[in-house]
There are 2 protein chains.
Amino acid sequence: MTTTTPSRRSATVAAIKATARRLLRSGGPAAISLRAIAREMGMTAPAIYRYFPGLDALVVDLTGDLFAELRDAVDRPGDDDPLVRLAEMGRRFRRWALANPGEFALAFGSPVPGVTQFDRHCLELTDGGARFGEVFLDTIAAVYAVHPPPPMPANLGDPGFLAALQPYRDAHGDRFPLPVVSAFLIGWTRLYGLVAIEVFGHLRWAVTDVEPLFEAELSRTITGMTGGA
Amino acid sequence: MTTTTPSRRSATVAAIKATARRLLRSGGPAAISLRAIAREMGMTAPAIYRYFPGLDALVVDLTGDLFAELRDAVDRPGDDDPLVRLAEMGRRFRRWALANPGEFALAFGSPVPGVTQFDRHCLELTDGGARFGEVFLDTIAAVYAVHPPPPMPANLGDPGFLAALQPYRDAHGDRFPLPVVSAFLIGWTRLYGLVAIEVFGHLRWAVTDVEPLFEAELSRTITGMTGGA
DNA sequence: TTGCTGAAGTTAACGGTGTTCACCGGGGCG
DNA sequence: CGCCCCGGTGAACACCGTTAACTTCAGCAA
């Protein structure tokens, strides 16, 4: 058990991830390569295997950090009306994604590369996704502590849907009532769609500035959470 | 001008794309490589350069085909109520995406690889995206020929938003009235979000079966197109 | 028939990638 | 002192895109 300084190892790990992050910022996810990282650090690529079992593991680890960073960037504890806070969280999410497109692509883009890492990827990042969703779930719960929840949409009260919620239940138990979960799923899906379609440029054939659409859809979603249709 | 059989060349082009498609189906977008294609065809990789200027061009070409195929898979000419037809188109889109995740990732996933091909990619596929959106625009126009359009959401009547619609206008002119465009943008964004989040597995931490959520959001969106909030 | 031309494919090579293996230097501990 | 093992190197293998030079061969013209 030669501990040396245990901080030395973790410092190198942090340096590796910082270098990977820099490559991600400048060249997108595909620019992250072990050899490029090692080159920038004045090392050789095999040395990184002392710290990570492979490139995939490094990327997954980095992505986990991104979820935490994004959670901090989005979370906005305050004593405002939770509805206002929720809207502001949506805007902060969009702002972070637009400012960090490569990071967004890593965390929320298309995985599907090799079927091999696909499962491992998802399993290890389940925690990140769940903890990220928690921030929104908390705020929506705060909303429904003030405003009455709207009537549940059809299909979302079925026992089949309740059974489909098993993964969520494993992560969060019964901490949130069903209307909160339902509102979260709808709101998060819309927010994801708006931001992903903008960051990935899939609406560039139609519109140059997505912000008006975003604001319209955001306010429509927020107001829909309290009794609207 | 030794034409030989001009069909021979186009047959080889088709064979190359078919092989690429097969690799895409079995191993995702990252599995498409010139060497693998050539290997499966009993050729060598440089031979493919007689037909495509490079891997990127091949992938872009293939993606263009996917847009056309998807348009055919989604389009449902019929004399039903256009609202019913629109809902069925949404379901067909989801079904196609779930059955062809790799293809969906190629057409609607995160680009962002190298900044180089990014622009070229988008420019060449603008046409595909626009022609694909056309199918939905047509149907929504048919909807509003029968049902009255809902009140325009805030922000989407601003002159700023009208100016932002320039790319759309370049592609489609003034063929569709503003409420049609507005309803399309909202509906398409929601549909994209629902399907992408499911295909990419970003909701697997919460839910095993997205279908109830999809159906709830779909019907909410469809009904919202005719006077609902 | 001969000869040219151009399309289609090959081999070899360069630089890039992840990953594995054998090796080695040096610091902490028994 | 001697051992061990952590962190690093170098070489190698297999894969990738891409380029250049070369061959092969069908088809047309003189």
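Note on naming: letters A, B, ... go to the chains in the order of the sequence lines (proteins, then strands), and numbering restarts at 1 for each one. We use all heavy atoms of the structure for the numbers below, so side chains are in, but hydrogens, waters and symmetry mates are not.
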Round to a whole Å and report the spacing from [atom1] of [X] to [atom2] of [N].
{"X": "M43(B)", "N": "dG9(C)", "atom1": "CE", "atom2": "C1'", "value": "8 Å"}
{"X": "L23(B)", "N": "dC15(D)", "atom1": "CG", "atom2": "C1'", "value": "14 Å"}
{"X": "L58(A)", "N": "dT17(C)", "atom1": "CG", "atom2": "C1'", "value": "15 Å"}

**Fill in**
Protein-proximity profile, nucleotides 16-25 of chain D, B/S/- by nucleotide at the 4.0 Å heavy-atom cutoff, equals BBBBB-----
**Request:** Evaluate the salt bridge (charged side-chain N to carboxylate O under 4.0 Å, His left out) criterion for residues R175(A) and D138(A): first the C-alpha distance (whole Å), next the side-chain angles of each, then the deciding distance (0.1 Å), finally the verdict.
**Result:** CA-CA 10 Å; R175(A) 195 144 66 86; D138(A) 274 328; 3.6 Å; yes
**Check: E103(B)/W96(B) side-chain N/O donor and acceptor closer than 3.5 Å** = no
**Item:** Stepwise ring-ring contact (aromatic ring centres under 6.0 Å, His included) check, F136(A) with F176(A)
**Value:** CA-CA 11 Å; F136(A) 285 95; F176(A) 302 103; over 10 Å; no
Between [X] and [N], does any side-chain N or O lie under 4.0 Å from OP1 or OP2?
{"X": "R8(A)", "N": "dG28(C)", "result": "no"}
{"X": "T44(B)", "N": "dT10(C)", "result": "yes"}
{"X": "R9(B)", "N": "dA8(C)", "result": "yes"}

**Asked** Is NZ or CZ of R131(B) both nearer than 6.0 Å to the six-membered ring centre of F67(B) and within 45° of the ring axis?
**Response** no
**Pairing of E88(A) and R95(A) as salt bridge, 4.0 angstrom limit** = yes
**L165(A) vs T208(B) side-chain heavy atoms within contact, under 4.5 Å** = no
